[in-house]
Amino acid sequence: MNIQYIRNHTLSTILICLIFIISIISFYKFFIKGDYVVAYNGTCDPQYNKCFTVCSDDQCTTKTYFSKIQKYKPDLYKECGNDITNCDAANSCITGDRKCSITYCSDSAIDIANNETCSDFTSLIKSDS
């Protein structure tokens, strides 16, 4: 490349440089630092909370109950390591967690495309007798 070519294509050169710099910054943020929020389905007890439900089979003989959890990846990794499937801390927001939320079922939170419904919320009633 000669100087005359760069002068004639200043805007293109600047845009290419900016795209390259933004790509490097994004790579560092997401892959090196792990600076993002992870969304996954957590456990939910339909006796205590209004849970999302989906059928586990075509006949809907078994339902799966879950809540939707979003957690900051560095916090989740610190609490559970690489495997969150058997980690109790992954199913709750712990004091000190940044960007953590648990969503229980409501009409506005249902994903109809995935055939989600809400469980029948039944609170436990303690009797003194």
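Keep in mind that the numbers below use all heavy atoms, side chains included, and drop hydrogens, waters and symmetry copies.
- A chain of hydrophobic side-chain contacts below 4.5 Å, direct or via other Ile, Leu, Val, Met, Phe, Trp or Tyr residues, connects Tyr28 to Phe31.
- Distance check, rounded to the nearest 0.5 Å: CD of Gln70 to SG of Cys93 gives 10.0 Å.
- Under the 4.5 Å side-chain criterion, counting only non-hydrogen atoms from C-beta, Tyr65 is not in contact with Lys50.
- A chain of hydrophobic side-chain contacts below 4.5 Å, direct or via other Ile, Leu, Val, Met, Phe, Trp or Tyr residues, connects Val38 to Ile32.
- Remark: the Thr53 side chain and the Ser119 side chain contain no N/O donor-acceptor pair separated by less than 3.5 Å.
- Atom CD1 of residue Ile21 and atom CD1 of residue Ile24 lie 9.0 Å apart, to the nearest 0.5 angstrom.
- Legend: residues meeting side-chain contact (heavy atoms from CB on, under 4.5 Å) with Thr103, ordered by chain and number and at least two apart, are Phe52, Lys68, Ala109.
- Here the CG-CD1 distance, from Leu76 to Ile94, works out to 9.5 Å after rounding to the nearest 0.5 Å.
- Checked against the 2.5 Å cut-off, the SG-SG distance between Cys105 and Cys51 does not fall under it.
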Distance-only check: which donor-acceptor pairs under 3.5 Å involve side-chain atoms of residues 80-88, not counting sequence neighbours?
| residue | atom | partner | partner atom | Å |
| --- | --- | --- | --- | --- |
| Asp83 | OD1 | Thr85 | N | 3.2 |
| Asp83 | OD1 | Thr85 | OG1 | 2.6 |
| Asp83 | OD2 | Thr85 | OG1 | 3.2 |

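- With sequence neighbours excluded, the residues that form a side-chain hydrogen bond (donor to acceptor under 3.5 Å, both in side chains) with Ser108 are Ser106.
- Nearest heavy-atom pair, Asn49 versus Cys44, reported as atom, atom and distance to 0.1 Å: CB-SG, 3.9 Å.
- By the 4.5 Å heavy-atom criterion applied to side chains, Cys17 and Ile19 are not counted as neighbours.
- Applying the side-chain hydrogen bond (donor to acceptor under 3.5 Å, both in side chains) test to Thr64 and every residue at least two apart in sequence or in another chain returns Ser56.
- Atoms OH and CG, on Tyr40 and Asn91 in that order, are 6.5 Å from each other to the nearest 0.5 Å.
- Sorted by first and then second residue, the side-chain hydrogen bond (donor to acceptor under 3.5 Å, both in side chains) pairs involving residues 29-39 (not counting sequence neighbours) are Asp35-Tyr72.
- Among residues at least two apart or in separate chains, salt bridge (charged side-chain N to carboxylate O under 4.0 Å, His left out) pairs with a member in residues 89-109 are Lys71-Asp97, Asp75-Arg98.
- In this structure, Ala90 and Ile69 approach most closely via the heavy-atom pair O-CD1, 3.5 Å.
- Summarising the geometry of Asp57 relative to Thr62, their closest heavy-atom pair is OD1-N, 3.9 Å, with the distance given to 0.1 Å.
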